[in-house]
Amino acid sequence: MPWHRKLSDASDFGRLAWACIVLGRVRIITWLVKLLRLVLIVAVSGALVAVSVAVIAPQAYEIGHANVSVDEEIDLAALDEFAVRSYMYAADGSLLATLKGPENRLPVSLAFVPEPVIKSVLASEDADFYNHPGVNLRGMFRALIENVSSGSVEQGGSTITQQLVKNALLSKDQNIDRKTREIALALRLEKQLTKDQILEKYLNTVYFGSGAYGVQAAAETYWGLDVSQLGWAEGAMLAALIAKPVEYDPTLHPDRARIARKAVLDRLVDTGVLTKEQAEGFDRAPLPRFRCGEVNSPATSCHGRQPPPPEDYFAEEVRKELLRDPKYNLGNTDQERYNTLYGGGLRIYTTLLPQAQAAAYAARDEIAPKSREGLTAAIVAIENGTGAVRVMVGGPGFENFEYNIATAVPGRQTGSSFKTFVLLTALEQGNVPSDYVQGGGTFQLPCQNDRRKTHTVNGPGGTLTSITAASSNGAYVRLGQIVGLDNVIELTRKLGITSNFDPCILTTPLGVTETSPLQMAGAYSAIPNGGIYQPPYMVERIEDRTGKVIYQHEPNGTRAFSEQTACLATQILEENVRSGTGTRARLPHQRAAGKTGTTEVNADVWFVGFTPYLTTAVWMGIPTGQVALPYIDGVRNFGGFFPARMWSAFNAAYHENLETKDFPRCRPTRPGRQVTGPNVNSKNLPPPTDTRVPGDAPSTTGSSAPRTTATNTPTTAGPSSTSTPPTTAEPPTTSPPPTTPPAGGGRNVETFGDDWGEP
């Protein structure tokens with residue numbers, strides 16, 4: 001070979017060698033640049049993986065004993081102090097509401113989590129989980145190499161045990177001290193728990209995006225399934241979400257989510273869990289497009305899972321009560337009670353009967369007139385003897401009108417349904433149903449020294465039974481003066497009514513003060529309960545996340561009036577339903593008693609009554625204010641018309657399968673006489689202006705049943721189905737002119753009787 005050829009070959013070799021050297025240096029420089037960039041990224045993000053490796057490599061033993069606090073046993077209870085959603089149940093065990101805060105979580109046992117989810121998470125987060133002691137040095141070095149090669153932090157190198165410790169026991173600070181403690185605690189935790197226990201806690205605490213913490217909440221959120229129903233495609237998607245729960249959210253970023261899911265499937269192939277063909281098949285599975293459980297989520301995309309029950313008046317009232325009242329043992333402060341309610345994993349068992357609630361809604365929708373915009377009704381039903389609230393309809397619908405008319409204080413004017421408390425006071429003072437009282441007239445106003453300050457109230461006199469059946473305003477104003485309004489108010493306090501009554505208002509017996517339907521139902525329920533007032537309640541018991549009972553309702557009844565008073569009042573109010581203003585409240589197969597109520601301009605109309613089983617208050621009107629309702633569907637709206645019919649429709653459905661019961665028999669009473677009371681000689685009482693004999697108050701127009709004027713022996717009447725309500729009578733064409741309310745109060749005073757002359 002010529003020398004110049006050799007020289008040329010030598011030059012080529014040299015150039016090749018030089019090129020290799022240069023190329024090698026470029027690669028080294030590129031690698032170093034990537035390393036430098038990674039270090040900068042680590043410094044910025046705080047993920048000091050490389051530094052942590054440098055620390056633990058020569059000092060693994062010392063780290064495990066680096067500080068006294070981590071050398072001690074870990075408080076395992078701290079690992080369970082994560083937020084868990086609470087549930088509210090009806091009396092029949094059905095779900096009423098799911099109460100969750102920012103963290104939606106429902107823990108499940110590891111046995112409930114299927115293999116595709118477990119193996120996908122392990123392949124993605126910690127393939128050597130069952131082989132390392134809590135810290136995986138090889139994994140950390142592998143993560144370091146991968147991160148250097150990519151030039152970014154793609155893998156953190158932390159084991160599942162380390163992640164659990166970081167999430168549950170440490171702050172989110174990214175520094176060498178926190179990382180050192182994380183490693184030390186992970187080593188310690190592995191000595192206190194089994195691998196399965198650690199994995200179970202991890203799967204129940206890790207965040208999967210969309211507010212879902214833990215695999216069960218994630219399965220519900222993305223697929224509308226229990227976690228036990230998930231397969232490989234779903235498991236791979238969940239595993240991908242752990243690293244970047246927002247960026248890989250399939251409902252927000254489907255393209256990124258598909259790439260991330262494929263990476264997990266590829267990892268499962270690399271580890272020998274799946275074949276390539278299997279992984280390709282799972283990769284073709286559709287991604288979830290909606291978050292299940294939200295109001296607008298389609299059931300077809302969520303495997304038929306419906307959104308949680310909508311908030312309703314009852315559930316909302318329970319929620320508010322739990323937050324404001326420390327008696328339920330949820331905490332001493334507002335914040336503590338909030339955290340416990342929405343993150344304590346509570347099971348709240350309430351008194352609501354869903355079938356009864358549905359019957360109340362049906363009665364409202366069937367009876368309430370549709371011709372008046374805004375007209376609605378509130379219904380509360382309370383179980384006699386216990387105070388358990390079985391029904392609560394708070395208005396037209398919680399989704400449109402969240403204000404709860406049933407519980408709102410001060411409430412609405414009660415009209416003549418308040419007369420029952422005057423009646424109870426009179427009976428408690430020794431009067432009997434056959435005792436008679438004079439009718440209305442001109443009264444000197446209470447608390448006025450000037451005798452010229454007078455007020456006229458019309459209405460006939462008669463026995464306590466007849467003036468109640470006729471709902472005579474004049475007689476009841478007089479009765480209130482005789483028994484003393486201060487005594488009436490005192491009785492209402494014993495019956496749980498908190499309204500701001502004023503004994504100086506002459507027309508207080510006519511229900512001119514506002515009261516809520518809940519309080520009215522609670523007060524009336526003492527009558528069929530023999531004079532014992534049981535405060536209405538909605539929460540039966542509460543269990544914490546471990547099943548421990550932290551609250552149990554205990555009966556707290558107090559005597560408000562005597563058993564004989566209760567029996568006689570029942571007798572009078574049953575007669576009102578049989579032949580008085582409340583005839584439309586009759587029931588086909590059950591005894592019923594109650595009282596109508598109507599304010600002056602018919603803005604608030606009521607029927608409050610009871611059976612041997614249940615006490616129910618029905619209010620109807622415009623919820624936004626005192627709006628006059630003179631005629632509805634061509635009929636003037638009295639408490640004895642629409643509310644009584646609504647009361648009857650609901651109670652007929654409620655009692656359909658219940659045994660017919662009688663009310664208690666009363667002890668015999670003395671013959672009737674003029675009503676007496678502590679104020680019978682008061683200067684406020686005018687001289688008699690009514691010359692009627694006891695019991696001759698006119699019957700309700702069109703009533704087909706005779707009116708009893710005095711009852712000296714126990715009633716033996718059977719079920720009220722023996723009488724039929726009137727069907728042909730018409731409302732009166734004229735009525736006495738309205739009177740002027742007295743100074744100092746008394747709005748919406750009735751002028752004659754709340755249902756006087758009603759059909």
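None of these values were measured; they are calculated from a predicted model.
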Work out which heavy atom in Gly594 is nearest to a heavy atom in Val577; give both atom names and the distance.
N-CG2, 3.5 Å

Salt bridge or not for Asp450 and Lys453, using N-O below 4.0 Å?
no

Measuring from atom OH of Tyr533 to atom NZ of Lys494, what distance do you get when rounded to the nearest 0.5 angstrom?
13.5 Å

For Lys419 and Ser471, which I'm curious about, is there any donor-acceptor pair between the side chains at under 3.5 Å?
yes

To the nearest 0.5 Å, what is the distance between CG on Asn449 and CZ on Arg452?
12.0 Å

Under 3.5 Å, sequence neighbours excluded: what are the donor-acceptor pairs made by side chains of residues 482-491?
unit_1	atom_1	unit_2	atom_2	d
Asn487	ND2	Val483	O	2.7

Quick check against the 3.5 Å criterion: does Arg390 have a side-chain atom that pairs as donor or acceptor with the backbone of Thr351?
yes

Flag, side chain of Thr611 to backbone of Leu614, donor-acceptor distance under 3.5 Å:
yes

With a 4.5 Å limit on heavy-atom distance, are the side chains of Val675 and Leu479 in contact?
yes

Contact between Lys595 and Thr468 at the side-chain level, heavy atoms closer than 4.5 Å - yes or no?
yes

Considering all heavy atoms of both residues, which atom of Leu573 and which atom of Phe610 are nearest to each other, and what is their separation?
CD1-CE2, 3.9 Å

Identify the two heavy atoms, one from Thr376 and one from Met620, that lie closest to each other, and give their separation to 0.1 Å.
O-CG, 3.0 Å

Let's go through Leu353 and Tyr654 carefully: what are the C-alpha distance in whole Å and the side-chain angles of both, what is the deciding distance for side-chain contact (heavy atoms from CB on, under 4.5 Å) to 0.1 Å, and is it a yes or a no?
CA-CA 10 Å; Leu353 289 174; Tyr654 182 90; 4.1 Å; yes

Hey, does Thr615 have a side-chain heavy atom less than 4.5 Å from the side chain of Pro528?
yes

Is there a donor-acceptor contact under 3.5 Å from the side chain of Asp502 to the main chain of Cys504?
yes

Could you walk me through whether Lys320 and Thr407 pass side-chain hydrogen bond (donor to acceptor under 3.5 Å, both in side chains), step by step?
CA-CA 12 Å; Lys320 291 193 297 185; Thr407 61; 5.4 Å; no

Any salt bridge linking Arg412 with Glu514? Criterion: basic side-chain nitrogen under 4.0 Å from a carboxylate oxygen.
no

Indicate yes or no: at least one non-hydrogen side-chain atom of Tyr537 is less than 4.5 angstrom from one of Glu540.
yes

Ionic contact status for Glu317 with Arg324, cut-off 4.0 Å:
yes

Keeping Ser472 on the side-chain end and Pro460 on the backbone end, is there a donor-acceptor pair under 3.5 Å?
yes

I'd like to know whether the aromatic ring centres of Phe443 and His455 sit less than 6.0 Å apart in this structure.
no

Going by heavy atoms in the side chains, are Asn473 and Asn458 under 4.5 Å from each other?
no

Lys NZ or Arg CZ of Arg559 over Phe561 ring: under 6.0 Å, within 45°:
no

My understanding is that only one of Thr515, Thr492, Thr513, Thr414 makes a side-chain hydrogen bond (donor to acceptor under 3.5 Å, both in side chains) with Ser499; could you say which?
Thr515

Counting only N and O atoms by type, is there a donor-acceptor contact under 3.5 Å from the side chain of Arg493 to the main-chain atoms of Ile497?
yes

Is a donor on one side and an acceptor on the other found under 3.5 Å between the side chain of Ser648 and the backbone of Arg645?
no

Using the test ring pair (Phe, Tyr, Trp, His ring centres under 6.0 Å), find all partners of Phe501 that sit at least two apart in sequence or belong to another chain.
Phe418

So which atom in Thr463 and which in Ser434 form the shortest heavy-atom distance, rounded to 0.1 Å?
CG2-O, 3.7 Å

I would like to know whether Leu352 and Met538 meet side-chain contact (heavy atoms from CB on, under 4.5 Å); could you show each step before the answer?
CA-CA 7 Å; Leu352 189 79; Met538 296 177 287; over 6 Å; no

If you round to the nearest 0.5 Å, how far is CD1 of Ile382 from OG1 of Thr616?
8.5 Å

Closest approach of Pro643 and Asn637, non-hydrogen atoms and distance?
CD-OD1, 4.0 Å

Check whether Asn332 reaches the backbone of Pro326 with its side chain - one donor and one acceptor, N or O, closer than 3.5 Å.
no

Examine distances only and state if a side-chain atom of Thr583 and a backbone atom of Arg578 form a donor-acceptor pair shorter than 3.5 Å.
no

From Glu383 CD over to Gln534 CD, what is the distance, rounded to the nearest 0.5 angstrom?
10.5 Å

Could you go through Met520 and Trp606, starting from their C-alpha distance and side-chain angles, then the distance that decides it, and tell me whether this counts as side-chain contact (heavy atoms from CB on, under 4.5 Å)?
CA-CA 10 Å; Met520 288 295 286; Trp606 296 72; 3.9 Å; yes

With sequence neighbours left out, what residues match Tyr613 under ring pair (Phe, Tyr, Trp, His ring centres under 6.0 Å)?
His655

Under 3.5 Å, side chain of Asp604 to main-chain N/O of Thr599, donor-acceptor pair present?
no

Heavy-atom side-chain contact between Val391 and Val380 under 4.5 Å
no

With rounding to the nearest 0.5 Å, note down the distance linking OG1 in Thr350 to CD in Glu321.
11.5 Å

Establish, from distance only, whether the side-chain atoms of Gln519 and Ser516 form a donor-acceptor pair under 3.5 Å.
no

Is there a side-chain contact (heavy atoms from CB on, under 4.5 Å) between Lys661 and Gln590? Walk through the geometry before answering.
CA-CA 7 Å; Lys661 283 187 178 181; Gln590 195 59 253; 4.0 Å; yes

Locate the shortest heavy-atom distance separating Pro536 from Val389; write the atom from each residue and the value.
CB-CG2, 4.0 Å

Gln429, CD: over 12 other non-hydrogen atoms inside 6.0 angstrom
yes

Any non-hydrogen side-chain atom of Gln564 less than 4.5 Å from a side-chain atom of Thr669?
yes

As a quick check of understanding, evaluate side-chain hydrogen bond (donor to acceptor under 3.5 Å, both in side chains) for Asp312 and Tyr361, giving each step before the final call.
CA-CA 12 Å; Asp312 199 359; Tyr361 275 116; 3.0 Å; yes

What distance separates Leu427 CG from Gln571 CD, expressed to the nearest 0.5 Å?
9.5 Å

With distance as the sole test, does Glu575 use its side chain to make a donor-acceptor pair with the main-chain N or O of Ser579 at under 3.5 Å?
no

Distance alone, cut at 3.5 Å: any donor-acceptor contact between the side chains of Thr565 and Glu428?
yes

Taking the ring of Tyr524 and the ring of Phe421, is the distance between their centroids below 6.0 Å?
yes

Val605 and Trp619, any side-chain heavy atoms less than 4.5 Å apart
no

